[in-house]
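All remarks here apply to the structure that follows.
Just follow the structure's listing: the first ligand is 1, and inside any ligand the first atom is 1.
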Amino acid sequence: MRKHTIRCSALILIIITSVSFAAAQTKKPNIVILATGGTIAGAAATGTQSGYKSGAVTIDAMIAAVPTIRDMANVKGEQISNVGSQDMSFDIMLKLAKRINELLPGNDVDGVVVTHGTDTMEETAFFLNLVVKSDKPVVMVGSMRPSTAVSADGPLNLYNAIGVATDPNAKGRGVLVVMNDWIQAAHSLTKTSTTAVQTFMSPLRGLVGVAAYGKNDFYNTPVWKHTTSSEFDVSGVSKLPRVDILFACTDMPADLIDASVANGAKGIVIAGVGNGNMNKASLDAAASAVKKGVVVVRSSRVPTGNVGRNVEVNDDELGLIASDELNPQKARILLALALLKERSKQEIQNLFYSY
Ligand code: ASP
């Protein structure tokens, strides 16, 4: 009798253990895909033509094109917008950030993937990096070829993005961009080719890791402040201040700076030559903009290297800010957020050293 009871209990234990093991095996992470448009959602009339329309395909159709992503995660799609990222705006970026901040605190969401055009992906990625309030993975993805192209790159990029978003090792690294097998950090990546599939590079900081068919290898953790360590909060913000970017060149007309100020810019980023330089006339115009209360940041049109303070320009005397490692388009995002509250020049300069 006693022997029989022991045998029964052992059997029950084995059944319970196998049922819970099976349940653990089938419990997949929950990922929400927020779609904004871009070439990844683009369509052309044939598979081999270069002309196409961005933002023509819905998120449900994109998910249906890669059914195996459902083996990795429970996925749900939401359409935030459906635009080519040349038409991305501060308004859509705010809507996207607020939706992510609504979703991520929930126990039923393990990560977010954002589909986006590549033209301005680095701007939205950097913006989200500064305003998302969670260390759960936020992964951005796009493609260089439309969904209808021969050898479209979108489906595998989306698969890999889901693979990164479900990976516990992706946590705490800020907003990541996954394209063409590479995992890169919002702070450091930039678009380098108008057409090549391998367009995103992080020239100064290198890769965060590599993604291969849902398996990832992480090499680096970005050192800059982001997400949970960021002081920026857009929860009560409905509009960002105007910040213009002006491109410096030989004989740059200084009245571009005056025009920006006259049209209401609260900040100006100069995509300077070399180490954030501009001609004497523009420097004088920049100094007079500063006297009117406009914050002027010197960045560079050169793709690599940082812009340092007081190198060929006396920033201390003229009241200018140096962008450090941020290119003009990311310097503009940081400055727009910085201008949401009163800050001294030194405080703004420190933001450029920390983010
Ligand atoms: N113009 C497109 C966009 O940024 C290009 C792309 O997605 O690759 O939406």
Just wondering, are more than 12 heavy atoms of other shown residues or ligands nearer than 6.0 Å to OH in Tyr213? no
Give yes if a backbone or side-chain nitrogen or oxygen of Lys191 is under 3.5 Å from a nitrogen or oxygen of ligand 1, and no if not. no
Which distance, rounded to the nearest 0.5 Å, do you find between the CG of Leu326 and the CZ of Arg332? 13.5 Å
Taking only non-hydrogen atoms of Gly142, do any sit less than 4.0 angstrom from ligand 1? no
Cationic N near anionic O, under 4.0 Å, Asp284 to Lys280: yes
Would you call Gly42 a ligand 1 contact, heavy-atom distance under 4.0 Å? no
Check each atom of ligand 1 against the heavy atoms of Gln86 and keep those under 4.0 Å away; list them by number with element. 1 (N), 2 (C), 3 (C), 4 (O), 9 (O)
Atoms in ligand 1 flagged as close to Gly84, the criterion being non-hydrogen separation under 4.0 Å: 9 (O)
Should Val243 and Ile268 be regarded as members of a common hydrophobic cluster, given that ILVMFWY residues are connected when their side-chain heavy atoms come within less than 4.5 Å of each other, either directly or indirectly? no
Is there a nitrogen or oxygen of Ser143 sitting under 3.5 Å from a nitrogen or oxygen of ligand 1? yes
Taking atom 6 (C) of ligand 1 as the reference point, the nearest protein heavy atom with its distance: Thr39 OG1, 2.7 Å
Using 30° and 60° as the class limits, which term best fits the ring planes of Tyr355 and Phe232: parallel, tilted or perpendicular? tilted
Backbone, side chain, both or neither: what part of Ser85 comes under 4.0 angstrom of ligand 1, heavy atoms only? both
Under 3.5 Å between any N/O of Thr118 and any N/O of ligand 1: does that happen in this structure? yes
Would you please name every residue forming a ring pair (Phe, Tyr, Trp, His ring centres under 6.0 Å) with Trp182, sequence neighbours left out? none
Report yes if some heavy atom in the side chain of Met252 is under 4.5 Å from a heavy atom in the side chain of Ser282; otherwise report no. yes
